[in-house]
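For ligands, and for the atoms within them, numbers begin at 1 and follow the listed sequence.
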Amino acid sequence: MTTNQTIINVTDLVKKYDRLTALDHFNLTVKKGEILGLLGPNGSGKSTSINCILSLLTYDQGEIQLFGENMAPDKTELKRKIGIVPQEVAVFEELTVYENIDYFCGLYISDKTKRKACVAEAIRIVQLEDFKQFYPKKLSGGLKRRLNIACGIAHEPELIFFDEPTVAVDPQSRNNILESIQELNRKGATIVYTSHYMEEIEQICTEIVIMDKGAVLATGNKDELKRMIQTSEKLQIDLPLCPPDLLENIKEWSGVLHVQYDGTTLRLDTLKEEKVLLKLLHHLESIDLLFGDFYSLQPTLNDVFLEITGKQLRD
Ligand SMILES: Nc1ncnc2c1ncn2[C@@H]1O[C@H](COP(=O)(O)OP(=O)(O)OP(=O)(O)O)[C@@H](O)[C@H]1O
Ligand SMILES: [Mg+2]
């Protein structure tokens with residue numbers, strides 16, 4: 001459950017790699033209990049922001065507070081409360097699945113009985129029970145990612161960062177990963193989740209930050225973000241034939257923002273209150289034009305991104 005307690009507060013963060021500004025006055029607030037999604041295209045600064053927040057990278061300007069304290073590389077007590085699942089899988093090839101998780105957990109929990117219980121719980125959450133004695137090289141990409149997650153969460157952190165944990169994994173592992181994150185959140189963890197997959201962000205995140213070029217473009221839950229843009233309805237209609245003058249005609253209708261025809265499907269971005277679909281169906285009937293199925297779709301986060309930046313979120 002979300003509360004008002006602020007867990008992360010980042011103000012005016014600037015990070016440069018030589019002449020490239022990777023974070024350009026980046027701001028972020030995360031409240032206890034949230035699953036906050038950091039959504040942005042490749043190179044927008046997601047990993048850099050996480051690594052600065054965790055003091056894994058130095059930065060040029062700005063302030064970072066975690067649990068109300070200024071974060072610094074030597075804040076061991078703070079780090080104990082934090083779990084990190086990095087974008088690149090980081091496990092020891094010479095240790096088994098069990099030994100890897102036990103090792104990472106052991107960095108924070110020295111009591112053997114407690115640690116054993118924590119490792120077992122991490123294995124249960126990512127469903128690696130059948131692979132405990134496997135070495136990482138014997139695991140598929142998806143299972144390796146799940147091991148990476150178990151290593152990051154075994155010490156039962158209150159705040160967990162997941163940096164693109166589902167890239168290049170099979171659908172089964174992807175579902176397991178998303179469910180694991182939601183389970184950890186239900187058990188009380190606050191989550192920061194980065195991705196450039198808007199569907200995943202929509203599916204699990206309670207709060208979303210859209211970023212591009214190192215800065216925040218918009219913040220809100222998915223409904224709030226969709227209300228920020230003009231397009232409120234996307235119409236799609238199967239149309240085997242579409243005379244060019246029809247397209248030109250529709251473009252002039254009130255409430256129509258964008259029209260596109262690909263030879264089989266007519267797509268319209270519209271303002272909802274204008275009831276364009278009804279008008280379109282009447283019009284097609286009146287000019288005796290054959291049409292097939294039609295759909296009215298909600299805008300996606302990609303539409304939000306497109307409208308704010310003029311470019312697609314996807315590569
Ligand atoms: N070590 C580095 N040295 C120089 N430039 C870097 C370094 N790390 C990242 N960058 C650059 O900083 C910008 C932000 O990169 P970052 O990895 O934070 O983006 P990202 O949003 O995590 O991207 P991705 O989705 O690909 O993981 C990019 O332009 C990237 O090329
Ligand atoms: Mg990244």
Closest non-hydrogen contact found for Pro136 with Glu93 is CB-OE1, 3.5 Å
Locate the shortest heavy-atom distance separating Met71 from Ile53; write the atom from each residue and the value.
-> CG-O, 3.3 Å
Excluding waters, which are neither shown nor counted, protein N/O/S atoms under 2.8 Å from the Mg ion (ligand 2) come to 2
With side-chain contact (heavy atoms from CB on, under 4.5 Å) as the test, would you mind laying out the steps for Leu143 and Val97 before giving the verdict?
-> CA-CA 10 Å; Leu143 293 177; Val97 162; over 6 Å; no
Will you find, in the side chains of [X] and [Y], an N or O donor that is under 3.5 Å from an N or O acceptor?
{"X": "Gln236", "Y": "Thr265", "value": "no"}
{"X": "Asn221", "Y": "Glu207", "value": "no"}
{"X": "Asp262", "Y": "Thr264", "value": "yes"}

Side chains of Asp303 and Glu307: closer than 4.5 Å at any heavy-atom pair?
-> no
Enumerate the protein residues lying less than 4.0 Å from ligand 1, judged by heavy-atom distances, in chain and residue-number order.
-> Tyr17, Leu20, Ala22, Pro41, Asn42, Gly43, Ser44, Gly45, Lys46, Ser47, Thr48, Gln87, Glu164
Applying side-chain contact (heavy atoms from CB on, under 4.5 Å) between Val256 and each of Leu280, Val276, Leu271, report the one that passes.
-> Val276
Taking the side chain from Tyr261 and the backbone from Gly263, do they hold a donor-acceptor pair closer than 3.5 Å?
-> yes
